[in-house]
Number of protein chains: 4
Amino acid sequence: MALNKRDSIVASSLVLFAERGYDATTIPMIASSAGVGAGTIYRYFENKEVLGNTIFQEYVKIFTNTVENDFPYEQSIRNQFHHIFQSMIQFTKEQSQALYFIRTHSSAHFLNEESHTCFEELLNLFKCFFDSGKEKKVIKNLPSTALIAILYGAFLELQRLVRIGELEPDTSMLSDVEESMWDAVRLHM
Amino acid sequence: MALNKRDSIVASSLVLFAERGYDATTIPMIASSAGVGAGTIYRYFENKEVLGNTIFQEYVKIFTNTVENDFPYEQSIRNQFHHIFQSMIQFTKEQSQALYFIRTHSSAHFLNEESHTCFEELLNLFKCFFDSGKEKKVIKNLPSTALIAILYGAFLELQRLVRIGELEPDTSMLSDVEESMWDAVRLHM
Amino acid sequence: MALNKRDSIVASSLVLFAERGYDATTIPMIASSAGVGAGTIYRYFENKEVLGNTIFQEYVKIFTNTVENDFPYEQSIRNQFHHIFQSMIQFTKEQSQALYFIRTHSSAHFLNEESHTCFEELLNLFKCFFDSGKEKKVIKNLPSTALIAILYGAFLELQRLVRIGELEPDTSMLSDVEESMWDAVRLHM
Amino acid sequence: MALNKRDSIVASSLVLFAERGYDATTIPMIASSAGVGAGTIYRYFENKEVLGNTIFQEYVKIFTNTVENDFPYEQSIRNQFHHIFQSMIQFTKEQSQALYFIRTHSSAHFLNEESHTCFEELLNLFKCFFDSGKEKKVIKNLPSTALIAILYGAFLELQRLVRIGELEPDTSMLSDVEESMWDAVRLHM
DNA sequence: TATGAATGAGCCTTCATTCAT
DNA sequence: AATGAATGAAGGCTCATTCAT
């Protein structure tokens with residue numbers, strides 16, 4: 001926790017935004033949780049809205065990078081799906097609060113154009129994957145947005161369970177879940 | 001809209017809570033939208049928190065009832081799944097705002113014990129279904145909480161797309177989605 | 001002091017703005033001086049800036065009306081001057097703080113276009129008078145803005161003395177001052 | 001502008017206080033305008049209030065000295081008046097911001113006893129002049145405070161016009177103004 | 001000596017809640 | 001029972017002031 005002040009503010013904000021939501025989180029809460037004065041926050045972020053957008057974009061980008069990193073474009077759709085699923089798990093592990101924050105705020109009123117674009121880019125990654133999968137007749141012929149919703153929605157809800165301690169994310173369970181979600185999107189012949 | 005005042009307040013609150021979120025909705029907003037004086041709301045609800053919890057519980061119960069109603073306990077797991085899926089769609093159609101409100105507020109900071117219990121009961125319905133399905137070797141051997149998360153999470157995310165107009169909920173698409181989600185949870189032999 | 005709330009707020013604001021200046025006067029100060037809650041001020045004025053502008057315009061208009069009222073256009077320049085001087089004295093008596101507030105804030109940073117226009121109209125009254133006086137060769141041939149400055153500036157400073165109790169505004173002194181100021185602007189042949 | 005730091009702070013403060021007013025001028029503004037760190041200001045002035053008072057007194061004293069300097073005690077009242085008027089013009093020219101600052105802050109809330117005394121001393125100069133003039137039956141028999149108000153008030157208002165560019169301070173206009181103000185205070189027989 | 005990051009008191013403003021009507 | 005004017009606690013934010021470097 002003994003990071004520099006900016007990181008400390010970001011970390012505390014993320015946790016509070018995830019736990020209570022942006023609107024129910026006050027600047028004094030963030031300040032005290034980050035161990036800084038309320039005024040200090042304004043040395044790093046113009047205002048609360050900018051803070052919210054910055055954090056949103058920062059973590060969406062980390063998520064996007066996690067998925068994009070070493071993406072096995074040359075391999076089978078199933079392997080690509082495996083990569084995506086593993087990326088989601090890895091991001092969840094490293095940034096347990098971040099994914100939940102992104103989920104609960106991806107259409108929040110305070111998000112600006114840039115944040116939306118940033119989020120679209122993430123979704124676009126998934127879209128490309130599903131489109132190529134549909135082309136190869138490996139993925140169900142549902143709208144890509146729907147396929148993303150199924151994968152992303154299910155994953156987020158699972159992640160919520162892990163967060164609140166209702167689900168133990170051991171390897172075997174995770175691989176079962178991966179199989180379940182693959183079953184959901186793949187074309188059964 | 002000429003309901004009695006209480007219902008009018010509940011209806012208006014639901015819409016506003018769904019559209020703007022609980023924290024960003026003010027009592028005067030609700031009052032003016034419900035066509036009553038601000039003070040009147042306090043004749044029916046002790047305070048904003050009670051109002052929020054009441055609405056949450058009310059609609060979760062309606063959802064629960066929709067699923068429980070005419071539940072085909074005697075029929076196949078697949079038929080039971082169909083019933084559940086149809087119930088979700090029906091509830092979505094009838095109470096388009098309600099499901100979104102429940103989704104976005106199911107772990108809101110203002111919810112009290114009773115609200116959480118109420119929500120657990122809804123999830124428990126699904127749990128029972130999945131448990132019996134697993135027993136009969138028709139449903140994947142994943143924790144029921146995980147299966148619920150997959151079904152519920154995916155459905156909610158899809159519903160969000162419909163809400164924002166990104167997805168057209170025609171019959172054929174819906175039946176494809178049902179199939180996809182059944183694929184996700186059923187045991188493939 | 002038992003006026004309605006709006007008037008009470010206006011009256012208190014005027015006194016405080018005059019005594020401490022707009023920037024050094026806080027909303028809580030006004031509220032407590034007016035005997036209302038801080039929030040109440042915002043039922044009557046959108047914000048502090050609007051409050052400042054409203055008061056400025058309100059009193060400038062009263063001043064303007066005081067001067068315009070029964071203006072003896074048909075009479076001699078000297079009589080017109082007498083009317084103007086008497087109007088200033090009357091306004092000062094009735095609204096002792098107002099003139100000082102106007103003086104100290106007539107180029108304040110918070111004034112909007114409308115306030116400036118309103119003030120220009122007041123100055124224009126004087127300008128017209130001096131212009132007609134110059135035409136008739138009764139008033140010195142100085143720019144009207146300068147003549148206004150001399151009359152208005154001197155009067156304001158005198159009024160300040162009365163306010164702080166350094167000068168007793170009895171009739172004979174006032175008529176001497178009027179004579180002095182008339183001497184300042186009239187053309188001596 | 002490469003003065004020592006103290007002078008640089010004083011000069012910058014004067015300009016900002018004159019332009020924006022004491023209350024609307026922040027310490028960081030002064031610091032950046034003076035090219036020093038914000039903390040440095042506190043090496044030279046205990047706090048903002050002390051800074052304000054110091055500057056007020058400093059410039060009032062310069063004004064006083066300008067008037068006192070080479071005062072023609074031996075000459076006629078008219079000549080003395082000319083000296084005073086010329087001093088005011090000279091001070092205005094050299095310290096254009098200072099006179100405006102003094103004018104707009106001469107009864108500011110932050111001024112302490114010493115500042116008021118200092119200002120009184122300036123006024124006292126004028127008082128002595130008018131008293132001796134009245135004794136010699138050259139000046140109107142008005143209270144000296146009133147005569148000062150007329151001279152000083154008119155002059156300040158004129159100076160404001162020059163400042164905002166509404167009046168061109170050429171020699172002929174200035175001598176007309178001097179004549180006008182002399183007419184205001186002198187005894188007409 | 002000089003700095004500017006950090007602080008927190010206090011500002012303006014909003015809004016849940018009360019209460020006289 | 002219903003209202004909405006009034007309230008004041010609390011939020012976001014600014015800025016005079018301090019202090020470690």
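No experiment lies behind these values; they were computed from the predicted model shown. All chains are named by letter (A, B, ...) in the order of the sequence lines, taking the proteins before the strands, and each is independently numbered beginning at 1.
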[atom1] of [X] versus [atom2] of [N]: gap in Å, rounded?
X     : N      : atom1 : atom2 : answer
B/E49 : E/dC15 : CD    : P     : 18 Å
B/R6  : F/dA2  : CZ    : P     : 13 Å
B/L51 : E/dC15 : CG    : P     : 16 Å
A/Y22 : F/dG12 : OH    : P     : 8 Å
D/I30 : F/dT17 : CD1   : C1'   : 13 Å
A/D23 : E/dT14 : CG    : P     : 16 Å
C/K48 : E/dT14 : NZ    : P     : 15 Å
D/R20 : F/dC15 : CZ    : C1'   : 13 Å

I'd like to check the side-chain contact (heavy atoms from CB on, under 4.5 Å) partners of [X]; sequence neighbours left out, ordered by chain and number.
X      : result
A/L111 : A/N53, A/F56, A/A108, A/S115, A/H116
A/S107 : B/Y100, B/R160
D/L14  : D/I55, D/Y59, D/Q97, D/A98, D/F101
D/E58  : D/R6, D/V10, D/T54

According to a 3.5 Å limit on both distances, what stems of 3 or more consecutive Watson-Crick or G-U pairs are formed with DNA chain F?
->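 Output for stems: E:2-21 with F:2-21.
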Mind checking what makes side-chain hydrogen bond (donor to acceptor under 3.5 Å, both in side chains) contact with [X], not counting sequence neighbours?
X      : answer
B/D7   : B/N4
C/E121 : none
B/E114 : none

Reckon C/T25 touches a base, only the sugar-phosphate, or nothing at all at heavy-atom distances under 4.0 Å?
->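 The residue C/T25 makes sugar-phosphate contact but no base contact.
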Looking at every strand, decide which applies to D/I27 at a 4.0 Å heavy-atom threshold: base, sugar-phosphate, or nothing.
->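 Touches a base.
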Please output the side-chain donor-acceptor pairs of residues 23-39 of chain B that fall under 3.5 Å, not counting sequence neighbours, one pair per line with the distance.
from  : atom 1 : to     : atom 2 : distance (Å)
B/D23 : OD1    : B/H109 : NE2    : 3.1
B/D23 : OD2    : B/H109 : NE2    : 3.0
B/T25 : OG1    : B/L16  : O      : 3.3
B/T25 : OG1    : B/G21  : O      : 2.7
B/T26 : OG1    : B/M29  : N      : 3.1
B/S33 : OG     : B/S12  : OG     : 3.1

Side chain of B/Y42: nearest nucleotide among E/dT17, F/dT17, F/dC13?
->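 Minimum distance to the B/Y42 side chain belongs to E/dT17.
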Would you say [X] and [Y] make side-chain contact, with heavy atoms under 4.5 Å?
X      : Y     : value
A/N65  : A/I62 : no
C/I9   : C/L51 : yes
C/N112 : C/Q57 : yes

Which ring pair (Phe, Tyr, Trp, His ring centres under 6.0 Å) pairs, counting each pair once, include a residue from residues 19-52 of chain A, with sequence neighbours left out?
->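 Residue pairs with at least one partner in residues 19-52 of chain A: A/F17-A/Y22, A/Y22-A/F110.
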Map D/A24 and A/P28 onto DNA chain F by nearest heavy atom, then report which one ends up closer to the 5' terminus.
->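 On the 5' side of the pair lies A/P28.
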Strand contacts (DNA chain E) in residues 108-115 of chain A, 4.0 angstrom heavy-atom criterion =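 Those residues: none at all.
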Where along nucleotides 5-10 of chain E does protein come under 4.0 Å, by heavy atom, of base (B) or sugar-phosphate alone (S), with - for untouched nucleotides?
-> BBBB--
